[in-house]
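Some notes on the structure that comes next.
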Amino acid sequence: MCRFKFRVNVLQISVVYGLRQASKTEKNLKFLLQKVLKQSDVGSLGRIVLPKREAETHLPQLESRDGISIAMEDIGTSRVWNMKYRFWPNNKSKMYLLENTGDFVRANGLQEDDFIVIYADIKCGKYLIRGVKVRQNGPKSEGKKPAKKSHRDLSSTAASISSPVAQAVR
DNA sequence: ACAACATGCAGCGGC
DNA sequence: CCGCTGCATGTTGTA
């Protein structure tokens, strides 16, 4: 039961944002996971490494390393990308990844240090993905969220939303 | 010491 | 020959 660590950071603000938006549209979005993108995630490989624990907890169980195909609706553009969720064997463990992410990354102009958030639409049983840019000094600040790369200095704020998943699930 | 993960890179297939 | 696929290896953070 101690499997949940309180990995609190500012990026979770996006969860609240997502839920508000969900209320407005009467769609129920459940936060699944997020990933700060590395160079290898936004490069030409077109694949994004997903955090293991969150993936195993919130995404479908994978029977084989070939994984499954997942339709991901881009929250920003409403476009739907057909991605693949799979894993690789790695040491005695597994590495989880999302493939065919190249178009999504390019369409959103995502770069290193930007991040993605993945939600599940409870109502439709769909998956949704959102790319969030974190430009602090880009040519044009296109950041959708004012979230900056802070450390863990929002403990008090975070405390009030300490369990976004629990809130999302009700 | 161990687990997660960012990236290197070999092998293979398409051009 | 070049790019992609799939794993291996090095690095970094956690216990």
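Numbered from 1 within each chain, the chains take letters A, B, ... in sequence-line order.
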Please tell me if [X] has a side-chain N or O lying less than 4.0 Å from either OP1 or OP2 of [N].
| X | N | result |
| --- | --- | --- |
| A:S93 | B:dA4 | yes |
| A:S40 | B:dA6 | no |
| A:K35 | B:dA4 | no |

Exercise for the section: Assign each of A:N91 and A:R86 to its nearest nucleotide of DNA chain C by heavy atoms, then name whichever residue's nucleotide is nearer the 5' end. Expected result: A:R86
Protein-nucleotide distance ([X], atom [atom1]; [N], atom [atom2]), rounded to Å:
| X | N | atom1 | atom2 | answer |
| --- | --- | --- | --- | --- |
| A:R47 | B:dC5 | CZ | P | 16 Å |
| A:K52 | B:dC2 | NZ | P | 15 Å |
| A:E56 | B:dC5 | CD | P | 10 Å |
| A:K38 | B:dC5 | NZ | P | 11 Å |
| A:R65 | C:dC7 | CZ | C1' | 9 Å |
| A:M95 | B:dG8 | CE | C1' | 12 Å |
| A:E99 | C:dC7 | CD | P | 10 Å |
| A:F115 | B:dC5 | CZ | P | 17 Å |

Practice task
Assess whether one donor atom and one acceptor atom, taken from the side chain of A:N90 and the base of C:dT9, lie less than 3.5 Å apart.
Solution key: yes
Practice task
Using the six-membered ring wherever Trp is involved, compare the ring planes of A:W81 and A:F104 and label them parallel, tilted or perpendicular (cut-offs 30° and 60°).
Solution key: perpendicular
Exercise for the section: Go through A:D41 and A:K38 one step at a time and tell me if the salt bridge (Lys or Arg N to Asp or Glu O under 4.0 Å) criterion holds. Expected result: CA-CA 5 Å; A:D41 293 318; A:K38 298 301 180 186; over 6 Å; no
Handout entry: side-chain contact (heavy atoms from CB on, under 4.5 Å) between A:L50 and A:L97, worked out
Key = CA-CA 5 Å; A:L50 298 177; A:L97 7 130; 5.7 Å; no
Practice task
Please determine which of A:N82, A:N100, A:I118, A:L128 meets the side chain to side chain contact (heavy atoms under 4.5 Å, CB included) test together with A:M72.
Solution key: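 So, applying the side chain to side chain contact (heavy atoms under 4.5 Å, CB included) to A:M72 and each of A:N82, A:N100, A:I118, A:L128, only A:I118 qualifies.
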